[in-house]
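Letters go in sequence order (proteins before strands), and every chain restarts at 1. For clarity, every value in this text was computed on a predicted model and none was experimentally measured.
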Amino acid sequence: MAPGPGSNILHADLDAFYASVEQVLDPSLQGRPMAVGGGVVLAASYQAKAFGITAGMAGWRARQLCPELVFVGGHFREYQRLGDAVMAILEDFTPLVERISIDEAFLDVAGSVHLFGPPERMAEDIRARVRAETGLAISVGVARTKHLAKIASQVAKPDGLVVVPLEREGDFLRPLPVGLIWGVGPATRARLAARGITTIGQLAKTDEAALQLLVGRAAGSKLSALAANIDPRSVVGGRRVSSVGAQSALGRRRASPDLVRTTLGYLVDRVGGRLRRSGRAGRTVTVRVRFPGMRTVSRSATLRQAVASTPTLTDVAVELALAALAGNPEETEVTLLAVSVSHLVDEPPTQLVLPFASRPGRLGPDEPDEETRRAVDASMDTIRARFGRQAVGFANVELSPVSRVPDEFRELAERGSGPPGSASPAPSSSRGAG
DNA sequence: TCTGGGGTCCTAGGACCC
DNA sequence: TCTGGGGTCCTAGGACCC
């Protein structure tokens with residue numbers, strides 16, 4: 001009865017997710033080139049993709065490519081709701097569901113065959129149910145490994161099903177472009193192309209040592225194994241995030257301490273709240289600053305104890321950002337600020353926190369102690385839980401147009417920092433169906 | 001008037017310890 | 001007197017994914 005080595009892994013991936021949801025909500029959008037977003041394309045319908053429009057593209061550029069393009073603002077709550085509904089359908093077929101974004105998941109159905117029939121049949125049933133219950137198209141790949149299944153679903157798009165039988169794996173992989181391999185992006189693709197390697201078949205014939213020289217030790221090994229069709233990864237549910245962060249694009253702004261304080265105040269406020277809500281705290285604080293021209297620098301500090309309080313995190317983040325600016329005096333403007341907290345630990349809500357390791361005196365006598373800070377956090381968290389985010393906040397943050405993106409979108413993009421099973425989101429892909 | 005926001009993993013060098 | 005190897009942690013940066 002033991003399930004043998006068959007094609008038991010499914011990769012299910014909703015097609016052009018955000019755009020498809022909009023077309024379901026407003027049938028007049030069906031069959032038309034449309035995109036979610038405005039200043040930037042968050043997702044494009046297949047009709048828009050036909051004009052070369054991709055996620056991440058500037059809005060004006062998209063309109064250039066397709067003057068009749070329709071932009072819609074986005075119904076972020078609906079994306080969350082429908083994404084969750086689809087995951088619930090998947091979980092009807094197996095408890096082994098590994099959600100990797102709002103619209104995409106791996107399934108291991110080896111243990112469900114006796115209930116629902118062969119994997120191929122389950123894939124068909126999943127597609128039919130998702131279509132019937134949500135109106136959305138979902139493509140599915142069926143294969144022996146996650147790598148093969150993921151590639152199969154990409155090949156299946158749009159609205160398709162591709163099964164890779166055991167005896168045809170090699171034939172399936174060899175002619176495909178290396179860019180379909182998970183982890184091969186523009187940089188790696190370019191390096192491989194420079195050596196004349198464009199297909200997975202060619203990659204498989206390339207010496208591992210040569211690949212390591214080309215793309216690095218770990219990446220070379222991984223690439224070599226995947227090209228040789230070796231993928232030992234299994235489907236695992238309940239992953240937890242290992243860092244929590246937030247960022248804001250600012251346009252071009254003068255790099256003033258005031259801007260840094262205001263922006264990081266807003267960002268850390270979000271990050272701290274998410275940490276506390278999930279009962280976690282972090283030891284390492286990283287701040288990223290982007291300058292005009294996309295050059296990015298970062299500064300990080302690892303504290304002796306994990307921190308989750310907004311005031312402490314803000315102090316550390318502001319200091320790091322100012323250090324980053326001081327280290328780049330030739331840059332007078334910034335285009336983005338980001339903060340992230342990592343080295344996460346589970347933290348009881350009563351923690352006491354001291355800042356920087358081996359830097360005594362950071363909290364001077366005139367500074368509020370950590371206990372006071374946490375009390376302030378706790379009251380704000382409580383008020384917001386009852387009356388919403390906007391009910392209370394740092395005055396200067398509320399008055400400044402720091403965020404160009406609705407909070408709903410930010411919440412959607414947060415991946416499962418909560419308890420296992422509540423994991424979610426990240427926007428749609430720009431790759432794959434291309 | 002040059003691209004949103006939230007993540008993961010890897011590398012290379014230096015500090016430090018045994 | 002000069003010389004070693006291995007492991008861990010930290011920092012800064014890069015590539016990549018959804």
Return the value, rounded to whole Å, for the distance between atom [atom1] of [X] and atom [atom2] of [N].
X: A:Leu211; N: B:dC10; atom1: CG; atom2: P; answer: 17 Å
X: A:Leu344; N: B:dC9; atom1: CG; atom2: P; answer: 12 Å
X: A:Leu336; N: B:dC2; atom1: CG; atom2: C1'; answer: 13 Å
X: A:Arg63; N: B:dT1; atom1: CZ; atom2: P; answer: 13 Å
X: A:Arg270; N: B:dG5; atom1: CZ; atom2: P; answer: 11 Å
X: A:Trp182; N: B:dC9; atom1: CH2; atom2: P; answer: 8 Å

Where does the angle between the aromatic ring planes of A:Phe106 and A:His11 fall among parallel (under 30°), tilted (30 to 60°) and perpendicular (over 60°)?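 Ring orientation, 0 to 90° scale: tilted.
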Under 4.5 Å between any side-chain heavy atoms of A:Gln64 and A:Phe51, yes or no?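 No, their side chains stay 4.5 Å or more apart.
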Pair A:Glu333 + A:Arg253: basic N to acidic O under 4.0 Å: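 Salt bridge between A:Glu333 and A:Arg253, a charged N being under 4.0 Å from a carboxylate O: no.
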Is any NZ, NE, NH1 or NH2 atom of the basic residue among A:Asp13 and A:Lys150 found under 4.0 Å from an Asp or Glu carboxylate oxygen of the other?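 Answer for the salt bridge query: no.
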As a check on the pairing definition, encode DNA chain B in dot-bracket form, counting Watson-Crick and G-U wobble pairs whose two distances are under 3.5 Å, and using | for partners outside this strand. ....||||||||||||||
Taking only side-chain nitrogens and oxygens of [X], does any of them come within less than 4.0 Å of OP1 or OP2 of [N]?
X: A:Thr335; N: B:dC2; value: no
X: A:Ser242; N: B:dT8; value: yes
X: A:Ser243; N: B:dT8; value: yes
X: A:Thr286; N: C:dT11; value: no
X: A:Arg217; N: B:dC10; value: no
X: A:His343; N: C:dC9; value: no
X: A:Arg283; N: C:dC10; value: yes

Side chain of [X] only, heavy atoms from C-beta on: which candidate in [options] is closest?
X: A:Lys222; options: B:dC10, C:dC10, B:dG5; value: B:dC10
X: A:Thr302; options: B:dT3, B:dG5, C:dT11; value: C:dT11
X: A:Arg299; options: C:dG13, C:dC10, C:dC18; value: C:dG13
X: A:Val241; options: C:dT11, B:dG6, B:dT8; value: B:dT8
X: A:Ser300; options: B:dC2, C:dC16, C:dT11; value: C:dT11
X: A:Ala218; options: C:dC17, B:dT11, B:dC2; value: B:dT11
X: A:Thr188; options: C:dA15, B:dT3, C:dC10; value: C:dA15
X: A:Val297; options: C:dG13, B:dT3, B:dG5; value: C:dG13

Just verifying a value: how many Å separate A:Arg280 CZ and A:Leu344 CG, rounded to the nearest 0.5 Å?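 It comes to 5.0 Å.
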How about CZ on A:Arg195, more than 12 heavy atoms from neighbouring residues, nucleotides or ligands closer than 6.0 Å, or not?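 It does not: A:Arg195 CZ has 12 such atoms or fewer within range.
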What do you reckon, is CZ of A:Arg217 surrounded by more than 12 foreign heavy atoms closer than 6.0 Å?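 Not more than 12 within 6.0 Å, no.
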Does A:Gln247 or A:Gly293 map to a spot on DNA chain B nearer the 5' end, using the closest nucleotide for each?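 The residue whose closest nucleotide sits nearer the 5' end is A:Gly293.
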Measuring only the C1' atom in each nucleotide, how far is C:dC17 from B:dT3? A whole number of Å is fine.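 These two C1' atoms come out 16 Å apart once rounded.
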